[in-house]
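One structure follows; several queries about it will come next.
Just so you know, these numbers use all the heavy atoms, side chains as well, and skip hydrogens, waters and symmetry mates. Chain A is the first sequence line, chain B the second, and so forth, proteins listed ahead of strands; every chain is numbered from 1.
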Amino acid sequence: MSDLKSVLGEAVEAAFAAIGAPPELGRVTPSDRPDLADFQSNGALAAAKRLGKNPREIATAVADQLAGDPRLAAVEIAGPGFINLKVAEAALSDRADAIAADPRAGAASVAHARKVIVDYGGPNVAKPMHVGHLRASIIGESLKRLYRFRGDEVVGDAHFGDWGYQMGLLIGAVMDEKPAVAAVVEAINAGGQGDVSAFEQVSLADLDRLYPEAAAKGKTDTDYRDRARKITAALQTKQPGYYALWERFRDVTRVALERDFHALGVDFDWWKGESDVEPLIPPMVAELDAKGLLVDDQGARIIRVAREGETKKKKLPDGSVVTVPSPDPLLVVSSEGSAMYGTTDLATILDRKQIFGPDLIIYCVDQRQADHFEIVFRAAYLAGYATEGQLQHIGFGTMNGTDGKPFKTREGGVLKLNDLIELTRSKARERLREAGLGENLPPEEFEATAGKVAVAALKFADLQNFRGTSYVFDLDRFMSFEGKTGPYLLYQAVRVKSLLRRAAEEGVAQGPVTVAEPAERDLVLTLDAFDAALGEAYDRYAPNALAEHAYRLSQAFSRFYAACPIMQAEPAVKASRLTLAATTLRQLELALDLLGIATPDRM
RNA sequence: GCGCCCGUAGCUCAACAGGAUAGAGCAUCCGCCUUCUAAGCGGACGGUUGCAGGUUCGAGCCCUGCCGGGCGCGCCA
């Protein structure tokens, strides 16, 4: 299944070869000037430079080679040597029929399937998800679906943050506040029996409330901090009372997390946590030591990851400036003998290598962690747990409020993800009612539709931006009646569905496509561009390329819908246009599904 | 201080490998519903791509230096 861009590219490459120019320069791209052409090749300019000839002469020679190709209606030379290609209507019609018959709606698969892990979401035990988790979930889910669709074997891992110092802090804080719980923990720790049903009084709301208090207290109160560290150490040796309480924390958190993820259409294949790789750490440290990678430094054990000559200047507390290696080393074992978060990340890479053997691990995590991942990745390469390039940090910017600062609630706190979803849903209901849409739907379907509109608004608003940059979160704009929004895309899909229902009722069948009108040309050319958009999104880890395609497709359809009446047309034209409409719907729903967006049937 | 990222229309964002006239949406203005869902379609207005140099036939994109913003900088994760 090849798109016109590739097919024409091969023809132009052959033409380049025929005149003695490097064939790879014959690459064809969609035209920058749709008024002049459908596709273009800029290769004559580069070839002229290499061969020391006039670019227009080369372009003319290439055009002569292409003359007579039945797929091309016109080949023209423009400007300094652009080769402009206009596709014949018959070739467009054939291509439309091919996409219509293709279960993948015109999309190719990768030549070599890889094993890929997408690490995203990053929820933590005892902390409800907040808006900061939204981007990781949205982008990661989309990448997971995209890679899987292209043919890779893909695993999505939530990489649950369920271990470490914060657990010790929380266990202490809960025991301080709830004597009944503390009594049970101590009884079990002492080797006795305890009624763990007492733990049921511990809710996620308690944990959410206690954690910031405990964290703050731990920073100023040394005794408090030491106790938390001791509990953490005891938990890590699975002291039974602490471990039982920790299990309660984990369970109560996971229920809430899965509810939030489910509401967003996000799901994971693995819920591996940091605790799962804890047993790997001691042997890993021994192995790193045996490989000679560990160095003692200020009482800690580190891996130096900077290469020869990589340095930076650093200001010391006394004001003097020294030159040190850069990046910083990976801190593997602290001076107190405990594992650090980088250690856990390294062990996770080792674990994944052992149980899955991935060719690629994609970390979908906030851009602010770029330095951290650079260090961990280098350490993993040095340790032989992965080879250069197999670990990719796909960083993204922050989500800001309309004031341009990191998103906060009106009260200045962090907005919980669940609250955000509810807020968005209620806005969706309101907007649907204002527009008089879905009035005749049964309540359950109306509610489901509102949910889909809400998710589409949130996700499309995020995914239309390139992941690397921060963006402004403005719910009113995302949920707007007009413009480049998720609801617009759903609306287009629903209009086609409605049309197809009517065609089915009237017994009108689809038939071969005949491209005639300009709007039909544009629609077919847009359908044809699907695979290129997928390829770009895949290669650059950039779902915005796919989001852009989905929007363009919707626009092209909407213009076609306005310009080309379907049900009133002549039978052959009607059949052709129905095929175009049905194919558009299929490709649009596929693209939206890869973005993690579901379409309702009616609205 | 050092490092990374960013600066594009009044606002929010795009721009495929360095290519032609830098594109969308919103906002503003003008048209289009007795015809398939008007959350739609057509049109207009809107730019010295932060500034100054450089490389190139050609620069929003590459290089250098400034200005402005965000983030990060081993014993939290």
Side-chain angles (χ1 to χ4, degrees), chain A residues 27 29-33 35-36 40 42 45-46 48-49 55 78-82 84 122 124 161 163-166 169 215 218-219 274 297-300 302 311-315 319 321 324 326-336 338 340-342 344-345 366-372 374-375 395 397-398 400 402 404-406 431-432 434-435 437 453 461 464-466 468-472 474 477 480-485 487-488 490-492 494-499 502-503 532-533 535-536 539-540 544-545 548 551-552 555 558-559 561-563 565-568 581 602-603:
Chain A
R27 194 170 63 96
T29 57
S31 179
D32 292 333
R33 294 289 303 273
D35 52 319
L36 301 179
Q40 63 184 36
N42 305 334
L45 296 156
K49 196 184 229 173
F82 300 107
N84 282 335
N124 289 307
W163 210 240
Y165 172 67
Q166 80 268 25
L169 269 175
K219 275 182 190 155
E274 292 166 349
D297 188 86
Q298 296 167 46
I302 62 172
T311 60
K312 66 175 177 183
K313 286 177 184 167
K314 191 171 184 178
K315 198 173 180 180
V321 176
V324 297
S326 174
D328 286 334
L330 179 72
L331 183 60
V332 179
V333 184
S334 77
S335 53
E336 295 184 352
S338 56
M340 298 287 99
Y341 76 117
T344 308
D345 284 350
D366 197 316
Q367 186 65 42
R368 287 177 291 197
Q369 307 233 20
D371 290 351
H372 166 69
E374 175 67 18
I375 293 166
T398 50
N400 297 328
T402 42
K405 295 177 185 157
R431 289 283 152 97
L432 283 166
E434 280 171 22
L437 287 170
V453 169
Q464 70 170 301
N465 302 316
F466 181 70
T469 50
S470 299
Y471 74 105
V472 173
D474 182 347
R477 186 160 56 79
S480 161
F481 275 51
E482 291 101 31
K484 193 172 183 178
T485 63
Y488 170 89
L490 297 191
Y491 178 73
Q492 298 308 334
V494 165
R495 279 210 301 194
V496 189
K497 288 187 184 186
S498 168
L499 177 70
R502 194 179 141 188
E536 194 193 337
D539 292 339
R540 296 175 59 214
N544 68 306
E548 183 67 25
Y551 179 66
R552 286 204 191 139
Q555 268 189 322
S558 197
R559 281 192 291 265
Y561 185 82
I566 297 167
M567 297 309 288
Q568 301 93 315
R602 295 181 288 185
M603 61 191 273

### Query
Considering residues at least two apart in sequence or located in another chain, which fulfil the salt bridge (charged side-chain N to carboxylate O under 4.0 Å, His left out) criterion with A/Arg559?
none
#### Entry: Gap in Å between the two C1' atoms, one belonging to B/C30 and one to B/A22, rounded
26 Å
### Summary
By side chain to side chain donor-acceptor pair (under 3.5 Å), A/Asp539 pairs with (sequence neighbours left out) none
#### Entry: Base partner of B/C73, which must satisfy Watson-Crick or wobble distances under 3.5 Å
B/G1
### Query
Is B/G50 in the syn range, within 90° of 0, or in the anti range?
anti
### Query
At under 4.0 Å between heavy atoms, what does A/Asp539 touch on the DNA or RNA strands: base, sugar-phosphate, or nothing?
nothing
With 3.5 Å as the limit, what N/O pairs link the protein to nucleotides 29-35 of chain B?
| from | atom 1 | to | atom 2 | distance (Å) |
| --- | --- | --- | --- | --- |
| B/U35 | O2' | A/Gln568 | NE2 | 3.1 |
| B/U35 | O2 | A/Gln568 | NE2 | 3.4 |

Protein-nucleic acid N or O pairs under 3.5 Å, nucleotides 10-14 of chain B:
| from | atom 1 | to | atom 2 | distance (Å) |
| --- | --- | --- | --- | --- |
| B/U12 | O2' | A/Arg477 | NH1 | 3.2 |
| B/U12 | O2' | A/Arg477 | NH2 | 2.6 |
| B/C13 | OP1 | A/Val472 | N | 2.7 |
| B/C13 | O3' | A/Asn465 | OD1 | 3.2 |
| B/C13 | O2' | A/Asn465 | OD1 | 3.1 |
| B/A14 | OP1 | A/Phe466 | N | 2.7 |
| B/A14 | OP1 | A/Thr469 | OG1 | 3.1 |

### Query
Looking at the side chain of A/Val494, which of B/U37, B/A27, B/G72 is the nearest nucleotide?
B/U37
### Message
Using a heavy-atom cut-off of 4.0 Å across all strands, would you classify A/Val333 as base, sugar-phosphate, or nothing?
### Response
nothing
For nucleotides 47-50 of chain B, tabulate all protein N/O to nucleotide N/O atom pairs closer than 3.5 Å, reporting atom names and distance.
none

### Message
Please classify B/C33 as syn or anti, treating any glycosidic angle within 90° of 0 as syn.
### Response
syn
### Touch class at under 4.0 angstrom, heavy-atom based, for A/Gln298 against every strand present
base
### P spacing across the pair B/A44 / B/A52, given as an integer number of angstrom
31 Å
### Message
Any heavy-atom pair between the side chains of A/Ser338 and A/Tyr165 that's under 4.5 Å?
### Response
no
### Task
Assign A/Ala370 to base, sugar-phosphate, or nothing according to its heavy-atom contacts below 4.0 angstrom with the strands shown.
nothing
### Task
Could you give the distance separating B/G25 and B/A9 at their C1' atoms, to the nearest angstrom?
12 Å
### Message
Categorize A/Glu274 for me: base, sugar-phosphate, or nothing, with a 4.0 angstrom heavy-atom threshold over every strand shown.
### Response
sugar-phosphate
### Query
Base, sugar-phosphate alone, or nothing: which one does A/Asp345 contact when heavy atoms must sit under 4.0 Å apart?
nothing
Look for any protein N or O under 3.5 Å of an N or O in nucleotides 55-57 of chain B and output each such pair with its distance, or none.
none

### N/O donor-acceptor pair, side chain A/Ser480 with base B/C26, under 3.5 angstrom
no
### Task
Pick base, sugar-phosphate or nothing for A/Ser498, based on heavy-atom distances below 4.0 Å to the nucleic acid.
base
### Task
With P as the reference atom in both, quote the distance from B/A59 to B/G19 in angstrom, rounded to an integer.
11 Å
### Inter-nucleotide C1' distance (B/G68, B/C32), Å rounded
46 Å
